[in-house]
Amino acid sequence: MCIHNFTQEIANIQFSLADRVLEEDCFNSLDTVAGVDVSFSVDNQAIAAVVVLQLGDLEILEKRTLPVELFFPYIPGFLGVREADAVISVLNTLEHDFDVLMVNGHGVMHPRGFGLACQVGVLCDVPTIGVAKRLIDGRYIKRATQRHHAIGEFQLITENNNELGAFFKGKYVSVGHKISLKTALSIVKMTSVFKTPEPIRQTHILATETFKQELTSN
DNA sequence: GCGACAG
DNA sequence: ATCTTGTCGC
């Protein structure tokens, strides 16, 4: 039983779970956004972090961090297997509720249509948006996709006739779960003070700082 | 054997 | 992801 059979098995699970992904808006209110991130350096000791922001003024409502251990190696296309549990764990420490979650990694713009954002969304049954700065496999996605000039700063990325996501300010955005691409893009845009949307930027800063503190105190 | 892929 | 100084410019 080698690692290859293992990932093949997991790939099949990703294919089947991808059917559960909903690419339509499934929420009544849209007032708060959360961002999650996991940062680490050596071994598999990491810090999972989450920040909840008010959508209007981007005011931070809550910050949480949690030391976690990762049990699966990083393999492109299988980030969800590595980080989903850590992400879900830190989400469970939140006191505030949130309407949508921004995840560091792809949503449906994934070889099997089931990136980390989809996995977190489906397992937690919450709306999620996937934001990544690189494509998973340039060869895979480029041979089947074309970029179209779309409204404003967005470039829609489609495969045949279905929309996989969009490119915006150096970031690849795609639906994670329970949200439409249109709404996902508007949320990314309205939270993008810098190139990285605030929910993810703030969370990444928090996770990194916390990791350093943890390192110094021990 | 070569290729080069989220975090 | 992370390892890392200075440097340009508001």
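Throughout, a chain's letter reflects where its sequence line sits, starting with A, and its residues are numbered from 1. Just so it is clear, the structure is predicted and the values come from calculations on it, not from any experiment.
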Exercise. Is there a salt bridge (charged side-chain N to carboxylate O under 4.0 Å, His left out) between A:Arg201 and A:Glu198 once you walk through the steps?
Worked result: CA-CA 5 Å; A:Arg201 199 180 71 87; A:Glu198 284 305 288; 2.8 Å; yes
Please report, rounded to the nearest Å, how far the [atom2] atom of [N] is from the [atom1] atom of [X].
X        : N     : atom1 : atom2 : result
A:Tyr172 : B:dC5 : OH    : P     : 11 Å
A:Leu135 : B:dA4 : CG    : C1'   : 13 Å
A:Leu70  : B:dA6 : CG    : P     : 16 Å
A:Phe78  : B:dA6 : CZ    : C1'   : 12 Å
A:Leu116 : B:dG7 : CG    : P     : 10 Å
A:Arg82  : B:dC5 : CZ    : C1'   : 15 Å
A:Ile136 : B:dA4 : CD1   : C1'   : 14 Å
A:Gln14  : B:dA6 : CD    : P     : 14 Å

Problem set entry | Partner set under side chain to side chain donor-acceptor pair (under 3.5 Å) for A:Asp97, not counting sequence neighbours | none
For [X], give me all partners under side-chain contact (heavy atoms from CB on, under 4.5 Å), at least two apart in sequence or on another chain.
X        : value
A:Asp125 : A:His177, A:Lys178
A:Ser16  : none
A:Asn28  : none
A:Lys133 : A:Lys171

Exercise. Ignoring hydrogens and geometry, is there a side-chain-to-backbone donor-acceptor pair from A:His106 to A:Ala117 under 3.5 Å?
Worked result: no
Exercise. Which stems, defined as runs of 3 or more consecutive Watson-Crick or G-U wobble pairs with both pairing distances under 3.5 Å, involve DNA chain C?
Worked result: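 The stems that DNA chain C takes part in number none, since no run reaches 3 pairs.
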Problem set entry | A:Phe40: ring pair (Phe, Tyr, Trp, His ring centres under 6.0 Å) partners, not counting sequence neighbours | none
Exercise. So what does A:Gly77 touch, heavy atoms closer than 4.0 Å: a base, only the sugar-phosphate, or nothing?
Worked result: base
For this session: Would you mind listing the cluster partners of A:Ile60? Hydrophobic ones only (ILVMFWY), side-chain contacts under 4.5 Å, chaining allowed.
Result: A:Val51, A:Leu53, A:Leu206
Exercise. To which residues is A:Phe71 joined in a hydrophobic cluster, defined by side-chain heavy-atom contacts under 4.5 Å among Ile, Leu, Val, Met, Phe, Trp and Tyr, whether direct or through other members?
Worked result: none
Atom pairs under 3.5 Å: protein N/O with N/O of nucleotides 1-6 of chain C:
| residue | atom | partner | partner atom | Å |
| --- | --- | --- | --- | --- |
| C:dA1 | OP2 | A:Lys133 | NZ | 2.2 |

Exercise. Taking only residues at least two apart or on different chains, which pairs with a member in residues 67-87 of chain A satisfy side-chain hydrogen bond (donor to acceptor under 3.5 Å, both in side chains)?
Worked result: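 Sorted pair list: A:Asn44-A:Arg82.
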Exercise. In dot-bracket form, how is DNA chain B paired, counting a Watson-Crick or G-U wobble pair only if both its distances are under 3.5 Å and using | for bases paired to another strand?
Worked result: .......
